[in-house]
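See below for the structure under consideration.
All values below come from the heavy atoms of this structure, side chains included, with hydrogens, waters and symmetry mates left out.
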Amino acid sequence: MTARIDLFGNAVAGSFVKRLTAASRVFADAVPAATQELVKLRASQINGCGMCTDMHYKDAVAAGEDPVRLNLVAAWREATLFTEPERAALALTEEATRIADGGGVSDDTWQQVRKHYDDDQAAALIACIATINAWNRINVIAGTPAGSYVAGQFG
């Protein structure tokens, strides 16, 4: 399987992905890195983005995350391995990623987010979710294959 377009080799796509990468630096330190990787992994699973699912699993493992927790991200509601703040972030991720389903972000989920995260952290979660959703769409449209990513390759 090969990508439909080389996102880094094409001038227009390359310019855009550089800017999207730079935008991610805004929220890099506002929320724990482990939570960000859980958010990125869950959104990527929902969106069917193999490249991002591969990347964020491998980056999280390289950063010391427990592979068992990562394997249970898709079933986080039934898993006992996630903290309450992580659960709030995962719920927000799911609802924000599935806005086309018509539900949007519920008041209950937002209350849980606000229980665990201050204004800057909540804004960082919103930015993280929006950014990974953009990356997912870019990679799905481009047909970027999964499996060859090496942890830390882009970071």
Quick one: do Glu86 and Arg69 make a salt bridge, cutoff under 4.0 Å?
yes

Pairs satisfying salt bridge (Lys or Arg N to Asp or Glu O under 4.0 Å), at least one member in residues 40-58, at least two apart:
Arg42-Glu94, Asp54-Lys58

Mind jotting down which residue pairs meet the salt bridge (Lys or Arg N to Asp or Glu O under 4.0 Å) criterion with at least one end in residues 9-30? Sequence neighbours excluded, please.
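Applying salt bridge (Lys or Arg N to Asp or Glu O under 4.0 Å) to every pair that reaches into residues 9-30, excluding sequence neighbours, yields nothing.
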
Co-members of the apolar cluster containing [X] [side chain, <4.5 Å]:
| X | value |
| --- | --- |
| Val26 | none |
| Ile99 | none |
| Val12 | none |

Residue pairs fulfilling ring-ring contact (aromatic ring centres under 6.0 Å, His included) with at least one residue in residues 89-127, sequence neighbours excluded:
none

How would you list all residue pairs meeting ring-ring contact (aromatic ring centres under 6.0 Å, His included) that involve residues 8-60, not counting sequence neighbours?
Phe8-Phe154

Test of understanding: with salt bridge (Lys or Arg N to Asp or Glu O under 4.0 Å), list the residues that count as partners of Glu95, not counting sequence neighbours.
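For Glu95, no residue satisfies salt bridge (Lys or Arg N to Asp or Glu O under 4.0 Å) once neighbours in sequence are set aside.
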
Partners meeting side-chain hydrogen bond (donor to acceptor under 3.5 Å, both in side chains) with Arg4 (sequence neighbours left out)
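Arg4 satisfies side-chain hydrogen bond (donor to acceptor under 3.5 Å, both in side chains) with no residue once adjacent residues are dropped.
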
Test side-chain hydrogen bond (donor to acceptor under 3.5 Å, both in side chains) applied to Asn139 - qualifying residues, sequence neighbours left out:
Thr144

Donor-acceptor contacts, no H, no angles, side chain residues 119-128, under 3.5 Å, sequence neighbours left out:
{"unit_1": "Asp119", "atom_1": "OD1", "unit_2": "Arg114", "atom_2": "NH1", "d": "2.9"}
{"unit_1": "Asp119", "atom_1": "OD1", "unit_2": "Arg114", "atom_2": "NH2", "d": "2.6"}
{"unit_1": "Gln121", "atom_1": "OE1", "unit_2": "Asp118", "atom_2": "N", "d": "2.9"}

With sequence neighbours excluded, tell me which residues meet side-chain contact (heavy atoms from CB on, under 4.5 Å) with Ala79.
Leu72, Phe82

